[in-house]
Protein chains: 2
Amino acid sequence: MRDVAKLAGVSHQTVSRVLNEHPNVRQETRARVLEAMESLDYRRNLAARTLVTRQSHTLGIIGFETTLFGPASMLYGIEDAARTAGYLVSIATFRNLEPRPVLEAVDRLRQHAVDGIIAIAPKHAVTDALEQAPAGLSCVAVGGAGGTDGVPTVRVDNAAGARLATRHLLDLGHRTVHHVAGPADWPEAQERVTGWRDTLVAAGAEVPPIIPESWNAETGYVQGQSLARDPAVTAVFCANDRIALGVLRALHEAGRRVPEDVSVVGFDDMPDSGYFLPPLTTVHQDFAELGRLSLALLLEHMAGPESPAHVLVTPELVVRASTAAPAAGRRRT
Amino acid sequence: MRDVAKLAGVSHQTVSRVLNEHPNVRQETRARVLEAMESLDYRRNLAARTLVTRQSHTLGIIGFETTLFGPASMLYGIEDAARTAGYLVSIATFRNLEPRPVLEAVDRLRQHAVDGIIAIAPKHAVTDALEQAPAGLSCVAVGGAGGTDGVPTVRVDNAAGARLATRHLLDLGHRTVHHVAGPADWPEAQERVTGWRDTLVAAGAEVPPIIPESWNAETGYVQGQSLARDPAVTAVFCANDRIALGVLRALHEAGRRVPEDVSVVGFDDMPDSGYFLPPLTTVHQDFAELGRLSLALLLEHMAGPESPAHVLVTPELVVRASTAAPAAGRRRT
DNA sequence: TTCAGGAGTGTTACCGTTCCCAATCCCGGC
DNA sequence: GCCGGGATTGGGAACGGTAACACTCCTGAA
């Protein structure tokens with residue numbers, strides 16, 4: 001900067017003013033400084049700037065299982081929005097959901113003086129930990145548990161999505177809808193269970209038992225084998241598309257046709273679920289958009305923390321080929 | 001820091017020495033300082049440290065399509081390894097593969113004074129751009145094009161993987177192997193084509209034409225429909241698992257059984273490809289490990305730039321249920 | 001006994017910005 | 001012609017660390 005000032009024949013302070021677009025700089029001076037910066041290929045030292053302003057222009061993201069499609073897409077959406085807002089994003093992941101690793105991740109980001117934090121926070125443990133985070137540091141949680149007042153959240157209305165799916169199946173004429181649930185300790189999985197159960201109860205349908213396990217295809221496959229053995233099962237709502245994939249395989253191997261014998265609905269609308277066998281009817285959620293929204297909320301919160309707002313996004317049902325009315329014979333049974 | 005020094009009754013310099021684990025500090029003094037730091041909940045200001053040492057303890061990652069399973073997993077592996085090495089990672093993605101956006105991403109990271117950069121660089125454009133990056137900044141490219149001397153790379157031997165897959169099918173007794181290729185401008189796709197073609201040529205088998213398109217299931221579905229119409233097709237090697245998913249659907253809809261009528265092999269071994277219909281035989285690559293290796297290589301390069309090493313990882317074939325010997329009748333044709 | 005040399009500590013300068021305040025210039029109004 | 005006040009600019013002093021060097025002990029060898 002010193003060199004720029006010398007070359008332009010002004011003080012370092014004036015150079016700083018040009019950089020920060022201070023209004024009180026004569027047009028001519030500004031031009032001279034800009035030219036000098038150009039010719040010296042000058043770039044400001046962010047560390048020095050951070051030191052004095054206490055703003056790093058960096059945002060932190062803490063996340064869990066960021067290799068899954070959902071979190072990865074949110075990350076993408078966040079980074080996209082952050083870039084246009086002039087921020088760089090740093091990531092800190094943790095391996096398990098004890099409070100300590102979460103707080104350590106927050107701490108790592110704080111050390112690096114991030115201006116705010118977005119937590120891809122599928123579980124209560126994370127938001128709980130976040131509430132213990134020091135005041136003065138803006139935090140937003142995205143995609144998971146709601147109901148934490150202290151931290152603004154952006155999330156999908158999982159219950160509404162589950163209602164959509166369940167109602168779709170009931171409307172097709174199914175007596176009831178079975179559910180392969182996600183892991184019990186994930187709020188998203190719980191909310192989907194709730195939406196499903198409420199819809200069945202409201203319709204006066206029987207509520208079959210569930211066995212919460214995990215999010216992956218294996219769970220779907222194992223539980224799908226039991227469901228396939230039960231001729232009363234004509235409709236299955238799966239907690240996500242991967243589970244649905246496993247269920248489809250189990251049904252197929254048991255010789256039960258989809259959708260003729262059994263209808264299947266997923267959740268998430270992963271990129272290729274339209275190419276499952278058969279193409280999967282599922283509940284679509286736009287993860288990247290969720291990420292963008294969370295960033296907007298964070299910036300808002302950083303500007304004026306008076307708004308502990310919560311954003312709720314409603315998902316949509318995408319009907320493809322895995323659902324149909326139950327077979328006439330069976331419907332009568 | 002001043003406060004800590006005062007509380008411990010030493011100079012700020014001694015506090016600094018304790019922080020940096022300088023050997024020449026008396027045990028007793030160190031204890032006193034540590035205690036003071038503890039009681040004041042002191043944490044060093046990384047910006048100030050960066051300002052003077054010119055080391056930010058931050059690593060940059062530039063990436064493209066980070067929402068895909070492969071890149072997301074590499075990111076995960078990198079972050080994991082970076083954390084244990086005491087680095088934070090910042091990400092900068094770009095939307096298209098022109099040199100400019102790539103260089104802009106690099107520039108953003110430079111502004112933030114990253115100590116090194118890992119490029120999740122599937123295409124030549126990226127590594128080319130990287131070579132234009134300023135000297136003095138260590139770069140490593142992972143998972144994509146090789147053959148760039150200037151930049152150390154970590155990548156999977158795609159040709160070897162393709163040979164594995166093709167040879168597996170030939171060994172089962174198939175006359176030749178058809179291929180649904182990935183996009184032509186991705187080196188990984190090209191290498192897989194090469195490995196496939198070389199194996200066929202070496203075996204004296206006919207080399208069917210290919211139509212490079214994209215990585216997604218739709219491509220597999222569309223091209224799979226053509227392949228399904230051709231009774232001479234008994235074995236298909238797909239450039240990745242998603243394409244394979246589309247091919248499986250097309251074959252199924254055309255009434256051709258897998259593996260009885262047609263064998264299918266994928267590439268990547270995505271989490272759920274073991275639950276496709278039928279479970280997919282595929283070439284496994286460990287993306288997270290790739291990420292970890294690239295980080296190790298970067299640290300090495302940062303320590304002493306005399307080693308422009310390249311690391312090549314050999315993938316493995318995972319045989320599941322989508323491949324079998326061709327039907328007897330057809331084999332004789 | 002003297003002195004070289006290393007351990008332990010403090011003093012000062014500096015990293016590259018921004019902030020605060022003062023200084024100068026220029027303009028219009030009286 | 002004098003003066004108040006905004007526009008424009010410059011001169012330090014931070015910000016919170018680390019590096020370089022100097023200084024004081026203390027030890028052991030000559």
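Just so you know, these numbers use all the heavy atoms, side chains as well, and skip hydrogens, waters and symmetry mates. Chain identifiers are assigned alphabetically (A, B, ...) following the order of the sequence lines, protein sequences preceding nucleic acid strands; residue numbering begins at 1 within each chain. Computed from a prediction, not measured in an experiment: that's the story for all the values here.
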**Study point:** Close residues, residues 2-20 of chain A, relative to DNA chain C [heavy-atom separation under 4.0 Å]
**Key:**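 Residues of residues 2-20 of chain A under 4.0 Å from DNA chain C: A:R2, A:H12, A:Q13, A:S16, A:N20.
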Review point. So which of residues 25-47 of chain A are in contact with DNA chain C, with a heavy-atom cut-off of under 4.0 Å?
Key: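 The stretch gives A:Y42, A:R43, A:R44, A:N45 as the residues lying under 4.0 Å from the strand, ordered by number.
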For [X] and [Y], indicate whether the former's side chain and the latter's backbone hold a donor-acceptor pair under 3.5 Å.
X	Y	answer
A:N20	A:H22	no
A:R155	A:V142	no
A:T66	A:G63	no
A:D115	A:S56	yes
B:T50	B:L46	yes

**Study point:** Salt-bridge criterion met for A:R32 and A:E35 (N-O under 4.0 Å)
**Key:**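 Salt bridge flag = no for A:E35 with A:R32.
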Exercise for review: Return the value, rounded to whole Å, for the distance between atom CZ of A:R49 and atom C1' of D:dG17.
Suggested key: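 One finds 20 Å between C1' of D:dG17 and CZ of A:R49, rounded.
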Exercise for review: To the nearest Å, give me how far apart NE2 (B:H22) and C1' (C:dA7) are.
Suggested key: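 Nearest whole value for this atom pair: 9 Å.
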Exercise for review: Could you tell me if the ring centre of B:F69 sits under 6.0 Å from that of A:F69?
Suggested key: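 B:F69 vs A:F69: aromatic centres not under 6.0 Å.
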Point to revise | Nearest-nucleotide comparison on DNA chain C, the residue closer to the 5′ end among B:N24 and B:R54 | key: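 The residue whose closest nucleotide sits nearer the 5' end is B:N24.
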Review point. Among side-chain atoms of A:H57 and A:R49, is any donor-acceptor pair under 3.5 angstrom?
Key: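 Looking only at side-chain atoms, A:R49 and A:H57 do form a donor-acceptor pair, the distance falling under 3.5 Å.
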